[in-house]
Amino acid sequence: MLFAIICTDKPGALDTRLATRAQHLAYLAAYQDRIVQAGPLLNLEGRPCGSLLLVDVTDRAAAEGFAASDPYARADVFESVVIRAYRPVFRDGALVE
């Protein structure tokens with residue numbers, strides 16, 4: 001099942017995010033078979049201010065566990081984390097529903 005994980009950084013968390021980035025990327029690499037897409041959300045200056053991950057996991061509890069175990073979450077980078085089930089309608093320019 002697909003879940004969107006939308007994370008918003010705390011104000012002033014950029015230094016912590018940058019210091020934790022290598023651990024975060026290693027974490028994602030360990031689960032790359034479950035990650036459909038992932039990347040930073042950017043502010044108006046083009047700097048990271050959050051994260052968006054689209055993951056394919058068994059259920060909401062698995063998505064919550066995945067999000068909670070992310071090194072960014074453990075380093076207290078995020079102000080908020082929203083997890084929503086996701087159903088694609090278009091993919092790669094084609095209707096998929």
Side-chain angles (χ1 to χ4, degrees):
M1 183 169 196
L2 293 176
F3 288 88
I5 302 172
I6 305 110
C7 309
T8 302
D9 290 1
K10 290 181 175 180
L14 182 58
D15 288 342
T16 304
R17 171 184 273 274
L18 295 175
T20 312
R21 187 171 188 266
Q23 297 96 323
H24 168 72
L25 293 177
Y27 177 75
L28 296 184
Y31 293 96
Q32 66 186 36
D33 62 323
R34 299 264 145 236
I35 298 171
V36 176
Q37 196 157 12
L41 299 172
L42 305 176
N43 65 17
L44 294 175
E45 292 80 35
R47 294 190 181 110
C49 64
S51 298
L52 174 64
L53 301 100
L54 185 58
V55 297
D56 187 354
V57 294
T58 55
D59 55 26
R60 182 177 178 82
E64 290 171 352
F66 178 84
S69 296
D70 186 318
Y72 283 165
R74 292 181 179 267
D76 204 28
V77 168
F78 301 133
E79 178 176 74
S80 66
V81 176
V82 175
I83 300 173
R84 299 274 190 249
Y86 174 78
R87 181 179 52 86
V89 175
F90 276 87
R91 182 179 296 142
D92 299 323
L95 187 65
V96 296
E97 73 172 349

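Nothing here was measured: the structure is a model prediction, and the numbers come from that model.
For residues 14-27, the salt bridge (charged side-chain N to carboxylate O under 4.0 Å, His left out) pairs, not counting sequence neighbours, are Asp9-Arg17. For residues 73-97, no residue pair satisfies the ring pair (Phe, Tyr, Trp, His ring centres under 6.0 Å) rule, not counting sequence neighbours. Sequence neighbours left out, the pairs with a member in residues 67-81 that pass side-chain hydrogen bond (donor to acceptor under 3.5 Å, both in side chains) are Lys10-Asp76, His24-Asp70. Contacts classified as salt bridge (charged side-chain N to carboxylate O under 4.0 Å, His left out) and involving residues 37-52 (residues at least two apart or in different chains) are not found.
The shortest distance between side-chain heavy atoms of Pro88 and Leu2 falls below 4.5 Å.
If you take CG on Leu52 and SG on Cys7, they are separated by 8.5 Å, rounding to the nearest 0.5 Å. Once rounded to the nearest 0.5 Å, the distance linking CD1 of Ile5 with OG of Ser51 reads 10.0 Å.
Residues passing the side-chain contact (heavy atoms from CB on, under 4.5 Å) test with Ala19, sequence neighbours excluded: none. Checked against side-chain hydrogen bond (donor to acceptor under 3.5 Å, both in side chains), Arg87 has the following partners two or more places apart in sequence or in another chain: Glu97.
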Please output the side-chain donor-acceptor pairs of residues 56-65 that fall under 3.5 Å, not counting sequence neighbours, one pair per line with the distance.
residue: Asp56; atom: OD1; partner: Met1; partner atom: N; Å: 3.1
residue: Asp59; atom: OD1; partner: Ala61; partner atom: N; Å: 3.3
residue: Asp59; atom: OD1; partner: Ala62; partner atom: N; Å: 2.9
residue: Arg60; atom: NE; partner: Glu64; partner atom: OE2; Å: 2.9
residue: Arg60; atom: NH1; partner: Ile83; partner atom: O; Å: 2.7
residue: Arg60; atom: NH2; partner: Ile83; partner atom: O; Å: 3.4

List, one per line, each side-chain donor-acceptor pair under 3.5 Å for residues 26-33, sequence neighbours excluded.
residue: Tyr27; atom: OH; partner: Phe66; partner atom: O; Å: 2.8

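Through direct or relayed side-chain contacts under 4.5 Å between Ile, Leu, Val, Met, Phe, Trp and Tyr, Leu14 connects to Leu18.
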Requested in this report: Begin from the C-alpha positions of Leu54 and Ile35 and carry the test side chain to side chain contact (heavy atoms under 4.5 Å, CB included) through to its verdict.
Outcome: CA-CA 6 Å; Leu54 185 58; Ile35 298 171; over 6 Å; no
